[in-house]
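Here is the structure we will look at, set down as structure tokens.
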Amino acid sequence: MERGVAFIMNNMDLTVEGLTQNQKLQTAYSLINSGDDRFFIRQSLRALIRLSKTLDMVSSCDVWDLMEVAKISPNNPRSMGVVFKLAHKNALIERTDNYRPSRRKQANQRPVRIWRFVK
């Protein structure tokens, strides 16, 4: 898999009470990866890798733009959050303290984080 991005698959209990933050995160990854959004997540990670070749900074809007051009949409729009969490955990991107208004009309210009590609 490109750039070390791995998907975690395991049997899952849907209760999150009593779990550590990392366990909750792993549960969320597994739930989404076990469903129909696995393709969306994989393609979005590939889009991030492609963007890393031409950009220094990225937001989710940049990835959404590529996904829309490719006509790939998630069953659950929150899957984009998993994309960025996976990319961050696998050292593809790093957080910045900067935000900008979202370009997506669905987001009503809410602030979205700007991420820096790790080179």
Side-chain angles (χ1 to χ4, degrees):
M1 200 161 299
E2 297 153 326
R3 205 77 200 262
V5 175
F7 292 104
I8 297 124
M9 302 291 267
N10 50 1
N11 294 331
M12 169 99 22
D13 178 359
L14 299 179
T15 351
V16 292
E17 293 173 41
L19 298 179
T20 66
Q21 201 58 24
N22 190 45
Q23 289 170 323
K24 289 178 185 178
L25 188 60
Q26 296 303 320
T27 300
Y29 292 161
S30 297
L31 285 172
I32 290 175
N33 288 331
S34 67
D36 294 333
D37 278 346
R38 184 175 182 180
F39 178 75
F40 174 82
I41 292 168
R42 186 178 179 109
Q43 296 307 315
S44 295
L45 286 166
R46 286 183 171 157
L48 263 175
I49 292 166
R50 175 182 244 176
L51 289 168
S52 74
K53 296 177 189 335
T54 57
L55 299 175
D56 292 325
M57 307 283 214
V58 67
S59 77
S60 58
C61 295
D62 299 312
V63 179
W64 279 116
D65 290 345
L66 288 179
M67 292 296 93
E68 287 173 13
V69 167
K71 297 186 181 350
I72 298 171
S73 60
N75 292 323
N76 182 346
R78 292 180 180 177
S79 295
M80 185 61 77
V82 173
V83 170
F84 275 78
K85 284 188 187 298
L86 284 170
H88 182 247
K89 288 269 186 191
N90 288 281
L92 177 61
I93 56 175
E94 62 186 10
R95 275 175 226 226
T96 69
D97 292 331
N98 301 323
Y99 292 83
R100 66 177 167 219
S102 175
R103 297 188 305 262
R104 300 179 68 235
K105 65 179 180 177
Q106 303 91 320
N108 296 315
Q109 295 189 329
R110 74 172 166 76
V112 293
R113 183 181 295 275
I114 305 301
W115 296 83
R116 179 179 297 109
F117 285 109
V118 175
K119 301 285 180 171

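Every pair tested for ring pair (Phe, Tyr, Trp, His ring centres under 6.0 Å) that includes a residue from residues 89-108 fails, sequence neighbours excluded, so the list is empty. Among pairs with a residue in residues 100-119, those fulfilling ring pair (Phe, Tyr, Trp, His ring centres under 6.0 Å) read Phe84-Trp115, His88-Trp115, at least two apart in sequence or across chains. Evaluation of the salt bridge (charged side-chain N to carboxylate O under 4.0 Å, His left out) test over residues 105-116, restricted to residues two or more places apart or in two chains, returns Glu94-Arg116. Among residues at least two apart or in separate chains, ring pair (Phe, Tyr, Trp, His ring centres under 6.0 Å) pairs with a member in residues 57-83 are Phe40-Trp64.
Under the 4.5 Å side-chain criterion, counting only non-hydrogen atoms from C-beta, Arg100 is not in contact with Pro111. The closest side-chain heavy-atom distance from Gln109 to Ser102 is not below 4.5 Å. Considering only heavy atoms from C-beta on, Val118 stays 4.5 Å or farther from Ile93 through its side chain.
From Ile72, atom CD1 reaches atom CZ of Arg46 across 9.5 Å, with rounding to the nearest 0.5 Å.
Not a single donor-acceptor pair under 3.5 Å links the side chain of Lys85 to the backbone N or O of Met80.
In terms of heavy-atom proximity, Asp37 sits nearest to Asn76 at OD2-N, 3.0 Å. Nearest heavy-atom pair across Val83 and Ile41 is CG2-CA, 3.9 Å.
A continuous path of Ile, Leu, Val, Met, Phe, Trp and Tyr side chains, each step under 4.5 Å between heavy atoms, connects Met67 with Leu86, placing both in one hydrophobic cluster. Residues Leu92 and Val58 fall within the same hydrophobic cluster, defined by Ile, Leu, Val, Met, Phe, Trp and Tyr side chains chained together at heavy-atom separations under 4.5 Å.
Residue Met57 belongs to a hydrophobic cluster whose other members are Ile114, with links defined by side-chain heavy atoms closer than 4.5 Å.
Arg103 is linked by a salt bridge (Lys or Arg N to Asp or Glu O under 4.0 Å) to Asp62, Asp65, counting only residues two or more places apart in sequence or in another chain.
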